[in-house]
K.L.:
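Shown below is the structure under consideration.
Remember, it's a predicted structure, so these values are computed and weren't measured experimentally. We name chains A, B, ... by the order of the sequence lines, and we start the count at 1 in each one.
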Amino acid sequence: MVRLKIKDILQNGKTGEKTLVKAWVRTKRGSKNVNFIALNDGSTIHNLQIVADTEKFDEHLLREINTGAALAVEGLLTESQGSGQNVELAAEKIELLGKADPEKYPIQPKKHTLEFLRENAHLRFRTNTFGAVFRMRHAMAFAIHNYFNQKGFYYLHTPIITASDAEGAGQMFRVSTFDPLNPPLTEEGKPDYSKDFFGRPTNLTVSGQLEGELGALALGEIYTFGPTFRAENSNTTRHLAEFWMIEPEMAFYDLKDNMDLAEEFLKYLIRYALDNCRDDLQFLGNRLSQEEKNKPKEQRSMDLVEKLEFVLNSEFVRITYTEAIDILKNSKPYKKKKFQFPVDWGVDLQSEHERYLVEKHFKCPVILTDYPKAIKAFYMKQNDDDKTVRAMDVLFPQIGEIIGGSQREESLEKLEKRMDEMNIPAEEMWWYLDTRRYGSVVHSGFGLGFERFVQFVTGMGNIRDVIAFPRTPKSAEF
RNA sequence: UCCCUAGUAGCUCAGUUGGUUAGAGCGGCGGACUGUUAAUCCGUAGGUCGUAGGUUCAAGUCCUACCUGGGGAGCCA
């Protein structure tokens, strides 16, 4: 007999049909004559109710059907007499596949805090919340590939181990096969990396962008989607030491094309979520408003589905950094000295400033462009004013910068000059500079932090709750 | 890394200005109940009060250090 997924049973199951399910017990209730077992197999947020007449089954077996246990149940699908569900399974055969000791199993049918579940990350998939989050995470990953594939982008696998730290995007994790207590030494007494595995110092990648550009300048449009590593000692709800990033890179795209793509891309993903993840979104939305129901009304966030629809239907505001500074300088919080950090042309915007622009002033996603060159990376296209570069940051409500990108500098001369100014060793980057040497063209790209996007779309407040096994400072369990 | 905050039963928390045998709800277990919806009712077990020092006649409560969690900031995606 073929096992059916609970999602299919609830959607297409016909009453009167013999049905087999294999799943885990969420709750069991019952009286003398009948037991009700709520089963979940991960295919949907919804449970299938099993009805077991106590006289049909061994008392010992029924006693071992506890929360967390795995069952195979065969029976007739019937119309439900109760009000919580349309159909239920009248059990004829129950096999206990794996028991779960109720004295020890940590996930009990009660409200658990996210912090507790994080410490039980190996079992938290079995909760409604994390089931919904990880189904949605999958859907978003799938939609990303879908989007780029249908636009003719190629999925490029850039290296995870890299010898260049040219991007300077923070601290890197060293990759080495040396015995830390006893590395081969040079005559000066330093570790002799020429004897290490790669014959040179190597690290885990902080970005696939530079390699991505190499691909784009031949294949046309590429994207990367892979793990990224930062050894920063960041302890926030939006940082991980290991996270996933999407980095499209496109030949012949200028900054406007880049912005258009970023906006269309984000909207595609949001629409995909609304079209394909309704039940999970509904559940996560309800969870959120439950959590916030004690907050004063003005502090509550918008309903999750409403928020997604709002972003989908709004046009992202596009302004320059310089215009943003003007707006901030004329803002109420600035005049009342409410901002903690200074606002002046040339300084990087702080999250309080970004949040003001997005949440208070424009009340919709904002794309900021043309930042001062001093606060941006060496590879960004320099404007004719000699002060700014063709950078773009997409700012979202609540999470701030979700996308950072730019048009890339295609002039070899300008790029070399800029690298020299910023003390970036051009010799080591000969392969990158070769793209500007041979057939250089206008091109652009951006990076999207996958977990931050999943946070946005699920409404989860802490980034550690949208990745299965979070890696953060002092934390690499599981 | 900095600032704030917390660590008491499996979980969520209470524990008065330091003062006898450390409490509740949920969960667990036992029982009752003719279809329940995280069911309900009755009963019951369960705690070296994060770790190490210190102050005191007396520390869950005060002090110091460390560990871990959470919130905010910085760095950034």
Side-chain angles (χ1 to χ4, degrees), chain A residues 25-38 40 46-55 63 66-68 78-85 88 90 100-120 123 127-128 167-171 205-209 227-247 340-341 348-352 354-355 375-377 393-396 399-405 446-456 461-467 472-475 477:
Chain A
V25 177
R26 283 296 174 77
T27 60
K28 187 182 73 169
R29 306 172 281 277
S31 62
K32 196 158 73 180
N33 300 326
V34 67
N35 276 341
F36 300 96
I37 306 158
N40 188 283
H46 301 296
N47 297 329
L48 176 67
Q49 173 156 284
I50 306 299
V51 183
D53 287 331
T54 46
E55 55 186 23
R63 199 169 312 147
N66 307 111
T67 299
T78 54
E79 217 165 292
S80 180
Q81 298 173 33
S83 58
Q85 56 284 314
E88 61 193 18
D101 183 345
E103 303 248 20
K104 292 184 183 140
Y105 184 62
I107 313 297
Q108 289 302 334
K110 72 182 291 287
K111 196 179 156 107
H112 289 296
T113 59
L114 294 174
E115 292 82 27
F116 172 75
L117 293 170
R118 217 170 284 150
E119 284 166 16
N120 292 280
L123 297 172
T127 62
N128 285 332
E167 229 211 323
Q171 292 281 104
T205 183
V206 293
S207 163
Q209 181 203 314
T228 309
F229 308 88
R230 305 273 166 94
E232 294 287 333
N233 191 7
S234 300
N235 294 288
T236 78
T237 53
R238 345 177 267 294
H239 287 87
L240 292 165
E242 177 183 286
F243 63 99
W244 290 67
M245 190 152 66
I246 300 102
E247 294 178 294
Q340 203 190 327
F341 291 90
D348 211 353
L349 297 180
Q350 302 294 325
S351 30
E352 59 177 356
E354 295 178 350
R355 293 190 70 153
I375 58 173
K376 288 290 180 185
D393 282 3
V394 181
L395 309 180
F396 260 31
I399 42 178
E401 183 187 335
I402 194 163
I403 277 181
F446 62 80
L448 169 72
F450 185 52
E451 282 77 14
R452 287 201 184 162
F453 183 73
V454 177
Q455 268 188 283
F456 176 76
N462 193 317
I463 200 166
R464 292 160 205 156
D465 295 330
V466 297
I467 188 166
T472 53
K474 298 277 165 358
S475 172
E477 192 71 61

K.L.:
When you measure from the side chain of A:Glu115, which nucleotide among B:rG69, B:rA38, B:rG35 comes out closest?
P.N.:
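For the A:Glu115 side chain, the nearest candidate turns out to be B:rG69.
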K.L.:
Determine the interatomic distance between C1' on B:rC67 and the same-named atom on B:rA52; round to the nearest Å.
P.N.:
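Straight-line distance between the two C1' atoms is 11 Å.
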K.L.:
If you measure from the C1' atom in B:rG53 to the same atom in B:rU16, how many Å do you get, rounded?
P.N.:
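Here B:rG53 and B:rU16 have their C1' atoms 28 Å from each other.
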K.L.:
Ignoring backbone atoms, establish whether A:Asn35 has a side-chain N or O less than 4.0 Å from OP1 or OP2 of B:rG35.
P.N.:
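Negative; the distance criterion is not met.
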K.L.:
Between B:rC76 atom P and A:Asn233 atom CG, what is the distance in whole Å?
P.N.:
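The distance from CG of A:Asn233 to P of B:rC76 comes to 15 Å, rounded to the nearest Å.
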K.L.:
Give the nucleotide from the list B:rG35, B:rU12, B:rA77 with an atom nearest to the side chain of A:Phe116.
P.N.:
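Closest nucleotide among those given: B:rU12.
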K.L.:
With a 4.0 Å cut-off on heavy atoms, is A:Glu451 in touch with a base, just the backbone sugar-phosphate, or nothing at all?
P.N.:
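If one applies the 4.0 Å heavy-atom cut-off, A:Glu451 turns out to touch nothing in the nucleic acid.
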K.L.:
Please write out the pairs of protein N or O atoms and N or O atoms of nucleotides 24-33 of chain B separated by less than 3.5 Å, giving the distance to one decimal.
P.N.:
| from | atom 1 | to | atom 2 | distance (Å) |
| --- | --- | --- | --- | --- |
| B:rG27 | O2' | A:Gln108 | OE1 | 3.3 |

K.L.:
Look at all strands and tell whether A:Phe341 reaches a base, only sugar-phosphate, or nothing, counting heavy atoms closer than 4.0 Å.
P.N.:
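Counting heavy atoms under 4.0 Å across all strands, the contact made by A:Phe341 is with sugar-phosphate only.
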K.L.:
Say you pick atom C1' in B:rC13 and the same atom in B:rU17; how far apart are they, in whole Å?
P.N.:
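23 Å, rounded to whole Å.
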K.L.:
Mark yes or no for whether A:Gln171, through its side chain, and A:Glu232, through its backbone, hold a donor-acceptor pair below 3.5 Å.
P.N.:
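Side chain of A:Gln171 to backbone of A:Glu232: no pair is present.
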K.L.:
Nearest 0.5 Å please: distance from the CG atom of A:Asn66 over to the CG atom of A:Asp101.
P.N.:
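If I round to the nearest 0.5 Å, the distance is 8.0 Å.
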K.L.:
Could you work out, with salt bridge (Lys or Arg N to Asp or Glu O under 4.0 Å) as the rule, every residue matching A:Glu88, not counting sequence neighbours?
P.N.:
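A:Glu88: no salt bridge (Lys or Arg N to Asp or Glu O under 4.0 Å) contacts found.
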K.L.:
Give each protein N/O atom lying under 3.5 Å from an N/O atom of nucleotides 42-44 of chain B, with the pair distance.
P.N.:
none

K.L.:
Short question: side chain of A:Asp53, backbone of A:Glu55 - any donor-acceptor pair under 3.5 Å?
P.N.:
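Checked: no pair found.
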K.L.:
For the side chain of A:His239, counting heavy atoms from C-beta on, which of B:rA77, B:rG69, B:rG35 is nearest?
P.N.:
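Side chain of A:His239 sits closest to B:rA77.
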K.L.:
Can you tell me how far C1' of B:rG10 sits from CG of A:Leu117, to the nearest Å?
P.N.:
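Computing the A:Leu117:CG to B:rG10:C1' distance gives 13 Å.
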K.L.:
Under 4.0 Å between a side-chain N or O of A:Ser207 and OP1 or OP2 of B:rA77?
P.N.:
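The answer is no; no side-chain N or O of A:Ser207 sits under 4.0 Å from OP1 or OP2.
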K.L.:
With sequence neighbours excluded, what pairs up with A:Arg355 under the salt bridge (Lys or Arg N to Asp or Glu O under 4.0 Å) test?
P.N.:
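If we apply the salt bridge (Lys or Arg N to Asp or Glu O under 4.0 Å) test to A:Arg355, skipping adjacent residues, the hits are A:Glu359.
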K.L.:
Ignoring hydrogens and angles, tell me if any N or O in the side chain of A:Arg238 forms a donor-acceptor pair with the backbone of A:Arg452 under 3.5 Å.
P.N.:
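Not at all, since once roles are kept as given, no pair shorter than 3.5 Å links the two residues.
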K.L.:
Write down the distance separating the P atoms in B:rC62 and B:rA14, rounded off to the nearest Å.
P.N.:
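Per the computed distance, 14 Å lies between those P atoms.
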K.L.:
Between B:rG23 and B:rC4, how far is it from one C1' atom to the other, in whole Å?
P.N.:
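Pairwise C1' distance, B:rG23 against B:rC4, rounds to 29 Å.
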K.L.:
A:Leu395 vs A:Ile402, test: side chain to side chain contact (heavy atoms under 4.5 Å, CB included). Steps then yes/no.
P.N.:
CA-CA 6 Å; A:Leu395 309 180; A:Ile402 194 163; over 6 Å; no
K.L.:
Using heavy atoms to find the nearest nucleotide of RNA chain B for A:Glu119 and A:Gln340 separately, return the residue whose nucleotide is more 5′.
P.N.:
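Closest to the 5' end, via its nearest nucleotide, is A:Glu119.
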K.L.:
Would one find a side-chain N or O of A:Gln49 under 4.0 angstrom from OP1 or OP2 of B:rG35?
P.N.:
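No, because none of the side-chain N or O atoms of A:Gln49 sits under 4.0 Å from OP1 or OP2 of B:rG35.
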K.L.:
Is it the case that B:rU37 (base atoms only) and A:Asn47 (side chain only) share a donor and an acceptor within less than 3.5 Å, ignoring hydrogens and angles?
P.N.:
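No, the side chain and the base share no sub-3.5 Å donor-acceptor pair.
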K.L.:
Between the side chain of A:Thr67 and the main-chain N/O of A:Arg26, is any donor-acceptor distance below 3.5 Å?
P.N.:
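Yes, A:Thr67 side chain to A:Arg26 backbone: donor-acceptor pair under 3.5 Å.
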K.L.:
Between P on B:rA77 and CD on A:Gln171, what's the gap in Å once rounded to a whole number?
P.N.:
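After rounding, the reported distance stands at 15 Å.
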K.L.:
Stem finding on RNA chain B, please: runs of three or more consecutive Watson-Crick or G-U wobble pairs, both distances under 3.5 Å, sorted by first number.
P.N.:
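Consecutive-pair runs (3 or more) involving RNA chain B: B:1-7 with B:67-73, B:10-13 with B:23-26, B:28-32 with B:40-44, B:50-54 with B:62-66.
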K.L.:
Roughly how many Å apart are B:rU20 and B:rG15, using the P atom of each and rounding to a whole number?
P.N.:
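Per the computed distance, 16 Å lies between those P atoms.
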K.L.:
Find the distance between OG1 (A:Thr27) and CG (A:Asn47) and round it off to the nearest 0.5 Å.
P.N.:
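Atom-to-atom, A:Thr27:OG1 and A:Asn47:CG are 7.0 Å apart.
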K.L.:
Which listed nucleotide (B:rG70, B:rU37, B:rC75) is nearest to the side chain of A:Asn462?
P.N.:
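The closest nucleotide is B:rG70.
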K.L.:
Sorted by first residue and then second, give each side chain to side chain donor-acceptor pair (under 3.5 Å) pair with at least one member in residues 104-120 of chain A; sequence neighbours left out.
P.N.:
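Only A:Tyr105-A:Arg126, A:Arg118-A:Asp465 qualify under side chain to side chain donor-acceptor pair (under 3.5 Å).
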K.L.:
To the nearest Å, give me how far apart CD (A:Gln350) and C1' (B:rG72) are.
P.N.:
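Roughly 13 Å, once rounded to whole Å.
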K.L.:
Flag the pair A:Asn35 / A:Ile50 as yes when at least one side-chain heavy-atom distance between them is below 4.5 Å, and no otherwise.
P.N.:
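No; the side chains remain at least 4.5 Å from each other.
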K.L.:
Which value, rounded to the nearest 0.5 Å, describes the distance between A:Gln85 atom CD and A:Phe36 atom CZ?
P.N.:
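Nearest 0.5 Å value for the CD-CZ distance: 8.5 Å.
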K.L.:
If you look at every strand shown and take non-hydrogen atoms under 4.0 Å, does A:Glu477 touch a base, only sugar-phosphate, or nothing?
P.N.:
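A:Glu477: no heavy atom of the nucleic acid under 4.0 Å.
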K.L.:
Measuring from atom CD1 of A:Ile399 to atom CD of A:Gln455, what distance do you get when rounded to the nearest 0.5 angstrom?
P.N.:
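With rounding to 0.5 Å, CD1 (A:Ile399) is 6.5 Å from CD (A:Gln455).
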K.L.:
Which whole-number value in Å describes the distance from A:Asn33 CG to B:rG35 C1'?
P.N.:
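Atom CG in A:Asn33 sits about 10 Å away from atom C1' in B:rG35.
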K.L.:
What is the distance, rounded to the nearest whole Å, between atom CZ of A:Phe36 and atom C1' of B:rU40?
P.N.:
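After rounding, the reported distance stands at 14 Å.
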K.L.:
Which residue lies toward the 5' end of RNA chain B, A:Leu240 or A:Ser475, if each is placed at its nearest nucleotide?
P.N.:
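In this pair, the answer is A:Ser475.
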K.L.:
Just how far is it from atom CG of A:Asn462 to atom OG1 of A:Thr237, taken to the nearest 0.5 Å?
P.N.:
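If I round to the nearest 0.5 Å, the distance is 5.5 Å.
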K.L.:
Could you state the atom-to-atom distance from CG of A:Asp393 to P of B:rC76 in whole Å?
P.N.:
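Atom-to-atom, A:Asp393 to B:rC76, this comes out as 11 Å.
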K.L.:
Looking for any heavy atom pair under 4.0 Å, which part of the strands does A:Ser83 touch: base, sugar-phosphate only, or nothing?
P.N.:
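Result for A:Ser83 = base.
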K.L.:
Kindly point out which of B:rG35, B:rA77, B:rC11 is positioned nearest to the side chain of A:Ser80?
P.N.:
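Of B:rG35, B:rA77, B:rC11, B:rG35 is nearest to the side chain of A:Ser80.
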K.L.:
When rounded to the nearest 0.5 angstrom, what is the spacing between CD1 in A:Ile463 and OG1 in A:Thr236?
P.N.:
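Interatomic distance, A:Ile463 CD1 to A:Thr236 OG1, rounded to 0.5 Å: 7.0 Å.
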K.L.:
What distance, rounded to whole Å, do you find between the two C1' atoms, one in B:rU44 and one in B:rA59?
P.N.:
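Per the computed distance, 32 Å lies between those C1' atoms.
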K.L.:
Closest approach to the side chain of A:Arg29, judged atom by atom: which nucleotide of B:rG72, B:rA38, B:rG70 is it?
P.N.:
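Selected nucleotide: B:rA38.
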K.L.:
Less than 3.5 Å between a donor and an acceptor, one on the side chain of A:Glu232 and one on the base of B:rU1, is that the case here?
P.N.:
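Answer no: no donor N or O sits under 3.5 Å from an acceptor.
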K.L.:
When you check the phosphate oxygens OP1 and OP2 of B:rA73, does a side-chain N or O of A:Arg238 lie under 4.0 Å from one of them?
P.N.:
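Affirmative; the distance criterion is met.
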K.L.:
Given the structure, check if the side chain of A:Ser234 and the base of B:rC75 hold any donor-acceptor pair shorter than 3.5 Å.
P.N.:
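Such a pair is found, so the answer is yes.
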K.L.:
Please report, rounded to the nearest Å, how far the P atom of B:rC75 is from the CG atom of A:Leu349.
P.N.:
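Checked: the CG to P distance equals 11 Å.
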K.L.:
Looking at A:Thr27, I'd like to know whether one of its side-chain N or O atoms comes within less than 4.0 Å of OP1 or OP2 on B:rU37.
P.N.:
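So the side chain of A:Thr27 is outside the cut-off, no N or O lying under 4.0 Å from OP1 or OP2 of B:rU37.
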K.L.:
Say you pick atom C1' in B:rC66 and the same atom in B:rG74; how far apart are they, in whole Å?
P.N.:
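Approximately 25 Å lies between the C1' atom of B:rC66 and that of B:rG74.
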